[in-house]
Amino acid sequence: MKEVTVQELKQKIDNKEDFQLIDVRETFEYETSNLNGENIPLGGLLIEADKISKDKPVIMQCRSGKRSAAAVMQLEQMLGFDNLYNLKGGILAWQEAYDPNMPVY
């Protein structure tokens with residue numbers, strides 16, 4: 001599975017690169033704190049797969065990187081995606097590296 005670090009994600013954001021960020025946490029988690037990605041909870045991911053780009057890099061993220069890793073595996077195995085990356089450490093890693101005041105649970 002391909003992964004990106006929070007440092008690589010920040011560089012992509014700062015460079016205004018063309019990619020899609022998808023947050024697979026539940027809506028209430030997303031509302032607590034997020035990185036401005038699109039919220040598609042893991043449970044509905046396959047149903048809403050048409051919202052996921054196939055022609056540019058897509059970074060999947062969650063709280064710690066576990067659910068987003070499951071999301072990457074589901075989409076690769078069931079729907080043949082090959083442009084997915086898991087955000088290593090999730091929003092917890094982002095908070096630690098860049099935003100210590102970000103509310104996480």
Side-chain angles (χ1 to χ4, degrees):
M1 176 181 314
K2 298 175 286 198
E3 290 191 310
V4 297
T5 64
V6 291
Q7 291 80 9
E8 290 167 321
L9 173 60
K10 184 167 187 330
Q11 191 171 31
K12 288 177 179 302
I13 293 168
D14 291 347
N15 293 340
K16 297 180 177 24
E17 290 182 31
D18 187 21
F19 70 96
Q20 184 178 23
L21 179 63
I22 296 185
D23 189 325
V24 300
R25 296 175 302 150
E26 296 299 318
T27 304
F28 74 90
E29 296 174 284
Y30 181 84
E31 289 170 353
T32 299
S33 58
N34 65 72
L35 303 177
N36 298 319
E38 189 172 348
N39 185 218
I40 305 176
L42 182 59
L45 196 64
L46 294 177
I47 296 165
E48 298 194 67
D50 59 329
K51 294 181 178 178
I52 303 168
S53 179
K54 287 195 169 193
D55 56 3
K56 62 184 169 187
V58 177
I59 300 171
M60 311 293 281
Q61 64 105 170
C62 65
R63 179 175 178 267
S64 67
K66 290 183 175 70
R67 277 180 281 177
S68 50
V72 169
M73 285 193 295
Q74 279 183 21
L75 292 167
E76 286 179 346
Q77 292 171 2
M78 299 175 138
L79 300 176
F81 279 84
D82 63 0
N83 59 325
L84 306 178
Y85 298 82
N86 184 39
L87 181 63
K88 189 174 183 177
I91 203 164
L92 291 176
W94 182 275
Q95 178 204 34
E96 185 177 320
Y98 298 111
D99 193 352
N101 297 319
M102 175 183 276
V104 292
Y105 42 90

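All values derive from a computational prediction rather than experimental measurement.
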same_hphob_cluster(Phe19, Val58) at 4.5 Å side-chain heavy-atom cutoff: no
CE/Met78: more than 12 non-hydrogen atoms of other groups inside 6.0 Å: no
Shortest non-hydrogen contact from Ala71 toward Met60: CB-CE, 3.8 Å
From Asp18 atom CG to Lys12 atom NZ, the distance as rounded to the nearest 0.5 Å: 10.5 Å
Pair Ile91-Val104, side chain to side chain contact (heavy atoms under 4.5 Å, CB included): steps then yes or no: CA-CA 8 Å; Ile91 203 164; Val104 292; 4.1 Å; yes
Heavy-atom neighbours of Glu96 CD exceed 12 at 6.0 Å: no
Side chain proximity check, Leu45 to Ile52, heavy atoms < 4.5 angstrom: yes
Over 12 foreign heavy atoms within 6.0 Å of NZ, Lys2: yes
Shortest non-hydrogen contact between Pro57 and Tyr85, atoms and distance: CB-CE1, 4.0 Å
Exceeds 12 heavy-atom contacts within 6.0 angstrom, atom NZ of Lys56: yes
Distance, nearest 0.5 Å, that separates CD of Glu26 from OG1 of Thr32: 12.0 Å
Beyond-backbone contact of Leu35 with Asp23, side-chain heavy atoms, under 4.5 angstrom: no
